[in-house]
Amino acid sequence: MTEQQEKGATEAIRVGVLGAHGRMGTEVCKAVDAAPDLELVASADQSDWLGDVSAAGAEVVVDFTTPDVVMDNLHWCVDQGIHAVVGTTGFTEQRLERVRGWLADKPGVGVVIAPNFGLGAVLMMQFATRAARYFESVEIVEQHHPRKLDAPSGTATHTARLIAAARAEAGLGPVPDATSDEVAGARGADIGGVRVHAVRATGLVAHQEVLFGATGETLTIRHDSYDRVSFMPGVLLAVRAVRARPGLTLGLDALLD
Ligand SMILES: NC(=O)C1=CN([C@@H]2O[C@H](COP(=O)(O)OP(=O)(O)OC[C@H]3O[C@@H](n4cnc5c(N)ncnc54)[C@H](OP(=O)(O)O)[C@@H]3O)[C@@H](O)[C@H]2O)C=CC1
Ligand SMILES: O=C(O)C1=N[C@H](C(=O)O)C[C@H](O)C1
């Protein structure tokens with residue numbers, strides 16, 4: 001049986017990719033193409049018409065585009081009744097509320113939005129959340145390739161929010177810091193009281209360190225993605241799961257468990 005016949009025999013999930021010519025989109029197209037239970041039916045980039053994606057019969061759309069277009073793409077998918085797996089960054093709490101609003105009008109549609117599809121990165125965030133209550137000091141350093149458009153990264157922003165929530169729940173006060181803010185930016189961005197520093201350098205892909213400090217000790221939790229293939233198992237897991245998960249799923253954690 002050929003691969004095409006095999007895909008037909010098992011009713012492959014029909015997948016469309018938005019941002020298909022980008023760094024992530026290219027990898028996603030390859031990964032979907034190589035998966036026997038998935039069929040790549042549409043791959044669209046900036047100049048393409050979204051109507052071609054629905055005309056091709058996509059059941060699940062994967063979006064790795066840019067923060068300024070992802071909301072329009074996602075609204076269109078939900079409107080069309082197409083499930084969506086979104087890796088694009090830029091999701092504030094206000095944006096997530098809007099997505100929940102669209103989904104309320106389309107009860108059967110599933111959307112998975114994950115700031116990071118790398119298994120190691122998900123674990124890094126979980127471990128950091130667990131450690132947060134025990135250390136008075138915490139700082140996040142994210143490091144990425146210099147063509148990244150946004151800073152701080154979606155992963156760093158999400159990690160900072162998780163840590164801030166864990167600190168609040170544990171009754172921890174502000175992180176101690178007597179440094180003056182004379183040179184703007186020297187102490188990084190402040191996300192929920194957690195300092196986040198963004199490094200950009202050729203040769204990097206996607207890396208993050210969470211540094212915790214208490215009297216006489218530090219704990220560093222670090223994750224490195226050296227290759228974008230590291231995100232593919234998580235993306236494919238979400239593509240396979242999203243049709244059975246109506247509503248909004250935030251992060252990969254729920255799917256792993
Ligand atoms: N969640 C995760 O695990 C990961 C998330 N990301 C995030 O994914 C996003 C994409 O990253 P990356 O692949 O590196 O970026 P790229 O810039 O390489 O890719 C983005 C692609 O989207 C295209 N595009 C722009 N507008 C549209 C549109 N309206 N419709 C369809 N395609 C469009 C761009 O085309 P053009 O170049 O012509 O503008 C480009 O090809 C970023 O937000 C990044 O932070 C990245 C890695 C992992
Ligand atoms: O742009 C990237 O490359 C990445 N973006 C995501 C983010 O902003 O967190 C995920 C990963 O860090 C790679």
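In each ligand, atom 1 is the first atom listed, and ligand 1 is the first ligand listed.
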[atom] [closest protein heavy-atom partner, distance rounded to 0.1 Å]:
atom	result
atom 5 (C) of ligand 1	Gly87 O, 3.0 Å
atom 34 (C) of ligand 1	Asp45 OD2, 3.6 Å
atom 9 (C) of ligand 1	Thr65 O, 3.3 Å
atom 45 (O) of ligand 1	Lys148 NZ, 2.9 Å
atom 3 (O) of ligand 1	Phe117 N, 2.8 Å
atom 12 (O) of ligand 2	His144 NE2, 2.6 Å
atom 5 (N) of ligand 2	Lys148 NZ, 3.1 Å
atom 17 (O) of ligand 1	Arg23 NH2, 3.5 Å
atom 33 (C) of ligand 1	Gln46 N, 3.5 Å
atom 4 (C) of ligand 1	Phe64 CE2, 3.6 Å
atom 9 (O) of ligand 2	Thr155 OG1, 2.5 Å

Compute whether any side-chain donor of one residue and acceptor of the other, for Glu142 and Thr155, lie under 3.5 angstrom apart.
->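 Note: Glu142 and Thr155 side chains miss the donor-acceptor criterion.
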If we only count heavy atoms from C-beta on, is the Asp63 to Leu74 side-chain gap below 4.5 Å?
->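 Not in contact.
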Heavy-atom distance under 4.5 Å between the side chains of Thr88 and Pro67, does that happen here?
->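 They are in contact (side-chain heavy atoms under 4.5 Å apart), so the answer is yes.
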Does some non-hydrogen atom of Ala114 fall short of 4.0 Å from ligand 1?
->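 Yes, Ala114 has heavy atoms under 4.0 Å from ligand 1.
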Does ligand 1 have any atom sitting under 4.0 Å from a heavy atom of Arg228?
->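 In this structure, Arg228 fails to qualify as a contact of ligand 1 - no heavy atom is under 4.0 Å.
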Just going by heavy-atom distances, which of Ala114, Ser153, Pro115 is nearest to atom 10 (C) of ligand 2?
->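 Shortest heavy-atom distance from atom 10 (C) of ligand 2: Pro115.
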Grab the two heavy atoms, one from [X] and one from [Y], that are nearest each other, plus how far apart they are.
X	Y	value
Thr157	Pro152	OG1-O, 3.8 Å
His197	Arg187	CE1-O, 3.3 Å
Phe231	Ser225	CZ-OG, 3.6 Å
His144	His207	CE1-O, 4.3 Å
Gly188	Arg195	O-NH1, 3.2 Å

Those atoms of ligand 1 less than 4.0 Å from some heavy atom in Val69 =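 Per the distance check, 26 (N), 27 (C), 28 (C), 29 (N).
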Going by the atom numbers of ligand 1, which of them fall below 4.0 Å from some non-hydrogen atom of His21?
->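 Answer for ligand 1: 41 (O).
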Output yes when a side-chain donor or acceptor of Arg133 lies under 3.5 Å from a complementary backbone atom of Glu169, and no otherwise.
->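 Such a contact is absent between Arg133 side chain and Glu169 backbone.
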Main-chain N/O of Ile221 paired with His223 side-chain donor or acceptor, under 3.5 Å =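 Checked: no pair found.
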Numbered atoms and elements of ligand 2 in range of [X], under 4.0 angstrom, heavy atoms:
X	result
Asn116	10 (C), 11 (C), 12 (O)
His145	1 (O), 2 (C), 3 (O)
Ala206	11 (C), 12 (O), 13 (C)

Under 3.5 Å, N or O to N or O, is Met24 touching ligand 1 that way?
->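 Among all N and O atoms of Met24, at least one is under 3.5 Å from an N or O of ligand 1.
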Gly154 to ligand 2: N or O pair under 3.5 Å?
->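 Yes - when backbone and side-chain N and O of Gly154 are compared with those of ligand 2, one distance drops under 3.5 Å.
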Ligand 1 versus [X], non-hydrogen atoms closer than 4.0 Å: side chain, backbone, both, neither?
X	value
Phe231	side chain
Pro115	backbone
Thr89	both

Any chance you could measure Ile191, atom CD1, to Ile140, atom CD1, to the nearest 0.5 Å?
->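 Taking CD1 in Ile191 and CD1 in Ile140, the distance rounds to 7.5 Å.
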If you round to the nearest 0.5 Å, how far is CG of Leu219 from OG of Ser137?
->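 One finds 12.5 Å between OG of Ser137 and CG of Leu219.
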Determine whether more than 12 heavy atoms belonging to other residues, nucleotides or ligands lie under 6.0 Å from atom CZ of Arg130.
->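 At most 12 heavy atoms, drawn from other residues, nucleotides or ligands, come within 6.0 Å of this atom.
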Among Arg98, Arg161, Arg100, whose salt bridge (Lys or Arg N to Asp or Glu O under 4.0 Å) with Glu93 holds?
->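 Testing Glu93 for a salt bridge (Lys or Arg N to Asp or Glu O under 4.0 Å) against Arg98, Arg161, Arg100 leaves exactly one candidate, Arg100.
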Identified side chain to side chain contact (heavy atoms under 4.5 Å, CB included) partner of Val32 from the options Leu40, Val41, Val60, Val239 |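 For Val32, the side chain to side chain contact (heavy atoms under 4.5 Å, CB included) test succeeds with only one of Leu40, Val41, Val60, Val239, which is Leu40.
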Within-cutoff protein neighbour (heavy atom, under 4.0 Å) for atom 37 (O) of ligand 1 |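 There is no protein heavy atom less than 4.0 Å from atom 37 (O) of ligand 1.
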